[in-house]
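Model, not experiment: these values are computed from the prediction.
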Amino acid sequence: MVASLRDALRQQIESGHFRIGERLPSEAQLTREHGVSRTVVREAVAALRADGLVEPRQGSGVYVLEPEAPVPAPFSDVDMDRLSSVIELLELRTAVEVEAAGLAAQRRSPSQEEYILECLRAVTLCNSAGRNSSEEDFALHLAIAEATNNPRFPEFLIMVGANSIPRRALDSQTQVPMAERYGEMINDEHDKIVTAILNGDEDAARAAMRTHLRGSQQRYRNLLRGTGG
């Protein structure tokens, strides 16, 4: 969905539908018009920004830029079909998201708490039903990053992208019973992270996020070795 929206917006920019200096439709408008989540819209806009096609302006919107010579996007060489690439991203995410969880426990607002809970419910339902939960999982982690109220944390996650949630790699390499156990485990880990954040316990939030992401690293190392969960 991200690629489809990105390509649609790119085509509109390149065809002149959106002219240089013109503001793109708002995030809410794009969500309604294309029938996607705001996470998808943000990722698509972030991809266009990385390509030098648009520029967000604080309090004003996202504007079309004059095209520049293309430059490789960050993380464009990551191969999510390789478990070693998945582990590399998990290690990087751990370095950032452990601190994000602690800051979210300190700084989250009531509305951010509500959105974190909404995201938690969505990913929990997906995992419990055995459905691919990559998008919902990413939305939860992004909501936590946003609750730091430091824009660099969500910017980092958006730059890395939803592919940094490696459930797809697991789905392709595990059998149903193992996938079910994985879903239950992830639900429990997410619940502990969110509970600590809502309790304002920054040390517990950091510890829960560290356990979650380091546990994911170990599970994927087990897959590399062919030993499973």
Side-chain angles (χ1 to χ4, degrees), residues 1-2 5 24-32 34-47 49 56-62 89-90 92-128 133-167 183 186-216:
M1 284 188 287
V2 173
L5 179 57
L24 291 184
S26 68
E27 184 178 290
Q29 285 176 280
L30 291 172
T31 297
R32 289 194 302 269
H34 295 271
V36 297
S37 68
R38 64 178 185 170
T39 299
V40 170
V41 171
R42 289 178 184 179
E43 285 190 76
V45 170
R49 180 186 183 185
R57 297 176 187 170
Q58 185 68 33
S60 180
V62 178
L89 284 182
L90 284 170
L92 180 60
R93 286 181 54 211
T94 300
V96 174
E97 291 194 67
V98 167
E99 182 62 16
L103 291 175
Q106 295 177 47
R107 301 175 178 174
R108 82 280 179 210
S109 68
S111 63
Q112 287 169 332
E113 287 187 357
E114 290 177 7
Y115 186 58
I116 288 171
L117 283 170
E118 178 184 327
C119 292
L120 176 65
R121 285 191 291 269
V123 69
T124 298
L125 285 172
C126 279
N127 285 332
S128 298
S133 60
S134 296
E135 184 176 331
E136 291 80 6
D137 198 320
F138 183 73
L140 173 61
H141 284 266
L142 184 59
I144 292 169
E146 289 173 339
T148 66
N149 289 298
N150 176 337
R152 304 310 174 193
F153 283 93
E155 282 176 8
F156 167 80
L157 280 189
I158 289 171
M159 181 174 63
V160 174
N163 278 336
S164 63
I165 305 296
R167 177 66 188 266
I186 296 304
N187 284 345
D188 181 63
E189 291 175 2
H190 282 158
D191 188 74
K192 288 177 179 175
I193 295 167
V194 171
T195 297
I197 289 172
L198 299 189
N199 286 342
D201 190 336
E202 57 186 279
D203 290 336
R206 288 189 181 96
M209 183 66 81
R210 184 179 297 107
T211 296
H212 173 53
L213 292 175
R214 285 187 176 174
S216 292

Where do [X] and [Y] come nearest, in terms of heavy atoms and distance?
X    : Y    : result
I116 : A147 : CD1-CB, 3.9 Å
L103 : R206 : N-NH2, 4.5 Å
A104 : I144 : CB-O, 3.6 Å
L30  : P25  : CD1-O, 3.7 Å
V41  : L5   : CA-CD2, 3.7 Å
A145 : T148 : O-OG1, 2.6 Å

What distance do [X] atom [atom1] and [Y] atom [atom2] have between them, rounded to the nearest 0.5 Å?
X    : Y    : atom1 : atom2 : answer
L142 : C119 : CG    : SG    : 8.0 Å
E113 : L198 : CD    : CG    : 5.0 Å
D137 : L120 : CG    : CG    : 10.5 Å
E99  : N150 : CD    : CG    : 9.5 Å

Between [Y] and [X], is there a side-chain heavy-atom distance shorter than 4.5 Å?
X    : Y    : value
I158 : V45  : no
I186 : V123 : no
E97  : F153 : no
N187 : S128 : yes

### Query
Parallel, tilted or perpendicular: which describes the rings of H141 and H212, with under 30° parallel and over 60° perpendicular?
parallel

### Query
Will you find, in the side chains of E135 and T39, an N or O donor that is under 3.5 Å from an N or O acceptor?
no

### Query
Between N127 and E136, do the side chains contain an N or O donor and an N or O acceptor separated by less than 3.5 Å?
no

Side chain [X], main chain [Y], donor-acceptor under 3.5 Å:
X    : Y    : result
Q112 : S109 : yes
N199 : D201 : no
R108 : A105 : yes

### Message
Is there a salt bridge (Lys or Arg N to Asp or Glu O under 4.0 Å) between K192 and E189? Walk through the geometry before answering.
### Response
CA-CA 5 Å; K192 288 177 179 175; E189 291 175 2; over 6 Å; no

### Message
Quick check on R152: does its CZ atom have over 12 non-hydrogen neighbours (other residues, nucleotides or ligands) under 6.0 Å away?
### Response
no

### Message
Can you confirm if the NZ or CZ of R93 lies within 45° of the ring axis of F138 and under 6.0 Å from the centre of its six-membered ring?
### Response
no

### Query
Looking at R121 and E118, does any basic side-chain N land under 4.0 Å from a carboxylate oxygen?
no

### Query
Going through the checks in order, is the side-chain contact (heavy atoms from CB on, under 4.5 Å) test met by T124 and H190?
CA-CA 8 Å; T124 298; H190 282 158; 5.6 Å; no

